[in-house]
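Okay, structure first, notes after.
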Amino acid sequence: MLKQIDKIDGRIIERTIYVLLWAVFLLFPLLIIGGNGNLSWERVVLEWVRLLPFLLFFIIHNSLLIPTFLMKKKYLLYGCGLIISIIAVIMLFPVCREIHFLVLPERPPHTIPDMGQQRMAAEHGVRNLSDRILFMVLIMAFNLLLKYFFIQQQKLRLEETKSRESIQTELNFLKNQISPHFFMNTLNNIHALIDYDPDIAKETVISLSRMMRHILYESQSRRVHIKKEMDFIRSYVELMRLKTSEKVAISCNIPDNLPNKSIPPLIFTSLIENAFKHGVSLKGKSYVSIDFSFPDEVHMTCRIANSNHSANRQGEHKGIGLENT
């Protein structure tokens, strides 16, 4: 839908520019002829008739030759069509001249011109012909430049749209990876609790249900309110607290007064998971410290510290958590 809107907007702007430019050309006769205060509409209309072949050439070039041949890289057919169009338009100029003489009979009386007059008339005709061809070439060049400009702008818009879609697709893919990754780790924790304390395992399942609701629904948005994300982190920490022994010192400090802001969801999940994964040991004292602070309305600080027991886990798979974050 966005691509279609961008394409339509580009065409409207391009056509508006063409209409304005030709409107300026058509205003020239009014300014020149009516400049002395004696406006003759017959002469104005005749000047417009003289401009009609150039307008016709532009329409053919812009609406037929460019989209049919040039845009499809049929360069030979485009060149042939261009030559044929120029010749066909040149043949219209005598017709416009006859219309001029019919409306304003300014044709001089019939006389036999001498050789000098014939040569001057021939030179004048050649000069007029070359001027007309040059003007058509200028019209063609300007048309191509403007068309190329809007094509490039359209390509840039499409690339930007594709880039945004690609980034969003990648983010959704990473979020979908985080969800089963988190779910798998939590199920392992519940499995360990079932034999140790079934009642705690039941409470853990309820907490897991609330957290999975957050993952399935809230995290699908591009941003989530800070309060919802902090509630999710509190639930997760409490879930991990149930699993660990009293030898593990767990602290989670989250202010009660949170700013009315939104953040990308689940960006702290993997960090907190790793803190418990590498910071908790069943053999010795361990600690996990999680602190969130909000210095002002636009800044947020997350500090996670843990004891280091990763040396005993060197053979384990490294996982995808940090890379996704």
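Only a predicted model underlies this, so the values are computations on that prediction, with no experimental measurement involved.
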Review point. Would you find a donor on one side and an acceptor on the other, under 3.5 Å apart, between the side chain of Arg223 and the backbone of Ser262?
Key: yes

Exercise for review: To the nearest 0.5 angstrom, please state how far the CE atom of Met300 sits from the CG atom of Leu258.
Suggested key: 8.5 Å

Review point. Checking salt bridge (Lys or Arg N to Asp or Glu O under 4.0 Å) for the pair Arg234/Asp231: CA distance, chi angles, key distance, verdict?
Key: CA-CA 5 Å; Arg234 286 193 186 98; Asp231 289 341; 2.9 Å; yes

Check your understanding: Just by distance, do the side chain of Glu229 and the backbone of Leu266 share a donor-acceptor pair under 3.5 Å?
Key -> yes

Practice item. With the side chain counted from C-beta on, respond yes when Lys155 and Leu158 share a heavy-atom pair under 4.5 Å apart, and no when they do not. Key: no

Point to revise | Within-4.5 Å side-chain heavy-atom neighbours: Ser286 and Val288 | key: no

Check your understanding: Is the CG atom of Asn260 crowded by more than 12 outside heavy atoms at less than 6.0 Å?
Key -> no

**Study point:** Same cluster (ILVMFWY, side-chain, under 4.5 Å), Leu145 and Leu21
**Key:** no

Practice item. I would like to know whether Glu273 and Tyr236 meet side chain to side chain contact (heavy atoms under 4.5 Å, CB included); could you show each step before the answer? Key: CA-CA 9 Å; Glu273 279 183 343; Tyr236 178 78; 3.1 Å; yes

Practice item. Taking the side chain as every heavy atom from C-beta outward, state whether Phe276 and Val248 have any atom pair closer than 4.5 Å. Key: no

Review point. Is there side-chain contact between Glu238 and Ile233, with at least one heavy-atom pair below 4.5 Å?
Key: no

Check your understanding: For Thr68 and Lys72, which heavy atoms make the closest approach, and how far apart are they?
Key -> O-CD, 3.4 Å

Check your understanding: Checking salt bridge (Lys or Arg N to Asp or Glu O under 4.0 Å) for the pair Arg157/Glu160: CA distance, chi angles, key distance, verdict?
Key -> CA-CA 5 Å; Arg157 287 194 297 268; Glu160 183 180 353; over 6 Å; no

Review point. Can you say whether the rings of Trp22 and Phe25 are parallel (under 30°), tilted (30 to 60°) or perpendicular (over 60°)?
Key: tilted

Study note, to complete from the structure: Rounded to the nearest 0.5 angstrom, the CD1-OG distance for Ile87 and Ser85 is 9.5 Å

Point to revise | Test log, rule ring-ring contact (aromatic ring centres under 6.0 Å, His included), inputs Tyr78 and His61 | key: CA-CA 9 Å; Tyr78 169 75; His61 184 259; 5.8 Å; yes

Check your understanding: Of all residues at least two apart in sequence or in a different chain, which pass the salt bridge (charged side-chain N to carboxylate O under 4.0 Å, His left out) check with Arg15?
Key -> none

Practice item. Evaluate side chain to side chain contact (heavy atoms under 4.5 Å, CB included) for Asn143 paired with Phe57, printing each intermediate quantity in order. Key: CA-CA 11 Å; Asn143 189 195; Phe57 171 76; over 6 Å; no

Point to revise | ILVMFWY cluster, Ile133 and Leu52 together (side-chain gap under 4.5 Å) | key: yes

Check your understanding: Is there a side-chain contact between Ile59 and Phe54, using heavy atoms and a 4.5 Å cut-off?
Key -> no

Check your understanding: For the hydrophobic clusters of this structure (ILVMFWY residues joined by side-chain heavy atoms under 4.5 Å, transitively), does one cluster hold both Tyr287 and Ile304?
Key -> no

Practice item. Spell out, yes or no, whether Phe58 and Ile84 are grouped together once hydrophobic residues are joined by side-chain heavy atoms under 4.5 Å, including indirect joins. Key: no

Exercise for review: Give a yes or no on whether Phe135 atom CZ has more than 12 heavy-atom contacts from other residues, nucleotides or ligands under 6.0 Å away.
Suggested key: yes

Practice item. Indicate if Tyr148 and Leu70 have the same hydrophobic cluster label, given that clusters are the connected sets of ILVMFWY residues with side-chain heavy-atom separations under 4.5 angstrom. Key: no

Check your understanding: Partners of Lys73 by side-chain contact (heavy atoms from CB on, under 4.5 Å), sequence neighbours excluded?
Key -> Tyr75

Exercise for review: Quick one: list whatever passes ring-ring contact (aromatic ring centres under 6.0 Å, His included) with Phe292, sequence neighbours left out.
Suggested key: Phe268

Review point. Do the non-hydrogen side-chain atoms of Phe142 and Leu146 ever get within less than 4.5 Å of each other?
Key: yes

Check your understanding: Is a donor on one side and an acceptor on the other found under 3.5 Å between the side chain of Arg303 and the backbone of Ile290?
Key -> no

Review point. Under the 3.5 angstrom rule, does the side chain of Ser307 hit a backbone N or O of Gly279 as a donor-acceptor pair?
Key: yes

Practice item. Mind checking the CE-SG spacing from Met230 to Cys252? Nearest 0.5 Å is all I need. Key: 8.5 Å

Practice item. Can you measure from CG (Leu65) to CG (Leu144) and round to the nearest 0.5 angstrom? Key: 10.0 Å

Review point. What's the spacing between Leu82 CG and Leu77 CG if we round to 0.5 Å?
Key: 12.5 Å

Review point. In Å and rounded to the nearest 0.5 Å, what is the CG to CE distance from Leu56 to Met136?
Key: 10.5 Å

Practice item. Identify the two heavy atoms, one from Tyr18 and one from Lys147, that lie closest to each other, and give their separation to 0.1 Å. Key: OH-N, 4.1 Å

Exercise for review: Decide yes or no for Asp291 and Ser289: does some side-chain heavy atom of the first lie under 4.5 Å from some side-chain heavy atom of the second?
Suggested key: yes

